[in-house]
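Note sheet for the following structure.
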Amino acid sequence: MKLSYRTPASLRPDSETRDSRRFSGLDGLRGIAVSVVLVFHFFPQMLPGGFVGVDVFFVISGFLITGLLVDEYARSRRISLRRFWSRRVRRLVPPLVPLVLLCCTVAWMLGGDVLVGLGWRVLGAVTFGYNWVSIAGSTSYFSATSPELFRNLWSLAVEEQFYLVWPFALLAVLLIRSARIRLAVVCTLGVLSLLWMGFLFQPGADPTRVYYGSDTHSFGLFAGAALALLLRHPNGLVTPTSNANASAARTGPAGFTRFASRLASPARLRPWLGLVALLGIGAAAAWLPAAGPLAYRGGLAAISLLSCVVIWAAVRGARFGRWLDTPVLRWTGERSYGIYLWHWPLFVLAGVAWPAAGVEVHLLVAAVAVLVAAASYRWLEQPVRRRGLRGGIRSLSRFATESWSRLAVVGVAAMVGLILVGGTTAAVVVAPAETSAQARITSGRHLLEAAQADRKREDAERKSDPTAAPAPAAPGDLISAVGDSVMLASAPELEGRFPGILIDAAVSRGMRAAPDILAAQAAAGTLRPVVVVGLGTNGPITRDELLAIEATIGPDRKLVLVTAFADRDWTAGVNEALAGFAADHRLVGIAGWHDAIAPHTDVLAGDNIHPGPTGGRIYADCIASALDWLAPQHPLHGRDPFRLGQDPVVLRPVA
């Protein structure tokens, strides 16, 4: 986000003129950062590590905000919190208000899963606490299926929380006489945040908590703050010393001055160091995994350090700053705050309106986001920043009184505003408690719990009455099924298709969990002759995991592997691995869920992954078809679940 302030002439970077109010190169760097984030959100396969663009913003913000506060302290030996926070409000709030009102109203008109939890999300947006609201609600930044309307506001919340606390902390830091100690204190705060992120990160678990937390993800802001202290003349940081203290001053600020001037001395190397650092950020955007330990145990910290190098090279070197400030990048960087605000909600709403949207729609959404941000910058952000909120209202009043036509324009705008307020209120009031996928998963979980209770009751009744007749055979008595949330959502239809089936399904379960679950069933004597495994939705699988499943169930049981259907990077690899394994093993069949549901995505829940009732029947039919294919080729000893007087299994048409 762009925060301009005037730098004292003696401290101004080489590339700034006397009347300049901006640092050279920072707008261009913002333009690069916001572009990387847009590509990451719209086309994640192109830049799977594009989330690092946010960390670049953090460093820029920490650098500029700290410089702003230090300049004020150097001039007046005080920091006006009221003036500082009012500037932040004028900068950040005006574009946020129309974003929330318009997007909530459109979401209300579209309906569906995009409204789930909207009240809490609006609260997080307007209080700048969106990151902690999301953490409390266990939402995931890395979920590709949850239509979370204001997910991108988490980073704005982290910055605002930093702005709330940092002026107090910085004032205490500036009271320290030694410039080196001041720098060490700020660096220590950043290192503590980094270490806390690494400590809380758990490999294999969703990293949203450590990514969203202002306690774990503030090291970029502290890195920018440390750079601001390092590159500024120490006379602007400390209380002037008397002649009696001259000796002490030479060992403190003077030594710091020599260190800072040595840092700024390699003028010829500066552009190339900046370019190498920028290429390093680009490499991370292309290859850094979003959910792996590398990002959270040093990777994001490296991005912050590289960003510091880029900023240093830009503000201390005219040539590199001009390289970054190309017209397109500078124009984009000046509007980067609005682009960042608008791109994600528009992307989510477009996905709800056109579930099968392709590249063309994504490009159109990106273009609309840029246009809206440009309009906001021209007619909302700049006027408020120049004149303040009251001055903006006075200008609007003068505009309205100049002619009847202008008064009509203002009246229409006010009416539209009232409609948007009403639409936002309605959206919050009618927002459902859970998504359609969550409702299906909950229904499946309740059915499994009820079925388990019924089996326990029937077993207890037969044990208490030795003369009771044995339970009649049912098609599902020979099937054990282990799956993820897709199987859990299909549980009612599986139970209807195969009465008596034993289902063990859970949310976010991956293939690596299957061997232990099946081994526990085998040890308890409950593992049945036919094993169905549907665990390809939540991550890549390996051949070793499939071999472990086969070894666990033994050579005499049949295995049915369910293919995966999800808009995720690993889905194609999962299905290829399942098909290859089935082709090489005698008692393994494939339930083609992917191919069966692909033409009928309209019967899926709003996340385009979990099946509704009709989709659940297709899921059950796929398993039945796999069993029907296995039956004549590899008959079981005794009876098969599809040979109990039922008609041959055939895929039923979708209703």
Side-chain angles (χ1 to χ4, degrees), residues 202-206 441 444-445 447-449 451-456 458-459 474-491 494-495 498 500-564 570 573-575 577-591 593 619-620 622-623 626-627 630 634-641:
Q202 298 180 6
D206 188 291
I441 293 170
R445 185 182 292 112
L447 182 140
L448 295 184
E449 293 171 352
Q452 185 178 19
D454 290 343
R455 279 194 292 269
K456 289 182 178 179
E458 292 171 359
D459 291 343
D477 286 346
L478 300 182
I479 305 175
S480 293
V482 177
D484 50 28
S485 57
V486 176
M487 182 180 287
L488 191 57
S490 305
L494 287 173
E495 183 67 31
F498 307 106
I501 185 174
L502 179 63
I503 301 175
D504 186 330
V507 175
S508 299
R509 179 182 285 172
M511 190 67 73
R512 69 176 60 184
D516 291 338
I517 295 171
L518 295 171
Q521 291 185 9
T526 59
L527 188 61
R528 299 176 178 182
V530 177
V531 176
V532 178
V533 176
L535 289 171
T537 307
N538 294 304
I541 65 174
T542 65
R543 188 174 181 85
D544 289 342
E545 292 169 346
L546 298 175
L547 289 172
I549 292 172
E550 186 181 48
T552 301
I553 67 176
D556 297 327
R557 289 186 173 90
K558 292 183 178 182
L559 175 62
V560 174
L561 300 173
V562 184
T563 59
W570 56 77
V574 165
N575 293 337
L578 295 178
F581 187 83
D584 296 339
H585 294 77
R586 186 177 64 87
L587 293 179
V588 180
I590 291 292
W593 165 244
Y619 189 90
C622 292
I623 294 173
L627 295 174
L630 281 170
H634 313 294
L636 291 172
H637 299 293
R639 58 192 176 92
D640 277 340

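Note: hydrogens, waters and symmetry copies are ignored here, and every other heavy atom, side chains too, is used.
- A donor-acceptor contact shorter than 3.5 Å is absent between the side chain of Ser480 and the backbone of Leu502.
- Looking at Thr563, its side chain does come within 3.5 Å of a backbone N or O of Trp593 through a donor-acceptor pair.
- When all heavy atoms of Val562 and Gly534 are compared, the pair lying nearest together is CB-CA, 3.8 Å.
- Atom OG1 of Thr542 sits about 8.5 Å away from atom CG of Leu547, to the nearest 0.5 Å.
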Given the rule in the side chain to side chain contact (heavy atoms under 4.5 Å, CB included) test, do Leu627 and Lys558 qualify, once you have shown the distances and angles that lead to the verdict? CA-CA 9 Å; Leu627 295 174; Lys558 292 183 178 182; 5.8 Å; no
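- The CD1 atom of Ile501 sits 4.5 Å away from the CD1 atom of Ile479 when rounded to the nearest 0.5 Å.
- The CD1 atom of Ile517 lies 11.5 Å from the CG atom of Leu527; values are rounded to the nearest 0.5 Å.
- Between the OG1 atom of Thr552 and the CD atom of Glu550 there is a distance of 10.0 Å, given to the nearest 0.5 Å.
- Just one of Met487, Met511, Arg512 meets the side-chain contact (heavy atoms from CB on, under 4.5 Å) condition when paired with Leu535; it is Met511.
- Nearest heavy-atom pair, Leu559 versus Val533, reported as atom, atom and distance to 0.1 Å: CD1-CG2, 3.8 Å.
- Residues Arg528 and Arg557 share a closest heavy-atom pair of O-NE, 3.0 Å.
- Counting all heavy atoms, side chain and backbone alike, Asp556 lies closest to Leu587 at C-CD1, 4.1 Å.
- Arg586 contributes atom CZ, which lies 10.0 Å from atom CG of Leu630 (distance to the nearest 0.5 angstrom).
- With rounding to the nearest 0.5 angstrom, the CD1 atom of Ile549 is 11.5 Å from the CG atom of Asp544.
- Closest of all the heavy-atom pairs between Leu546 and Ala577 is CD1-O, 4.1 Å.
- In this structure a side-chain-to-backbone donor-acceptor pair under 3.5 Å is present from Glu495 to Gly500.
- Across Asp484, Asp504, Thr537, a single residue satisfies side-chain hydrogen bond (donor to acceptor under 3.5 Å, both in side chains) together with Arg509, and that is Asp504.
- Residue Leu448 comes nearest to Ala491 through the heavy atom pair CD2-CB, 4.0 Å, listed as atom of the first residue, atom of the second, then distance.
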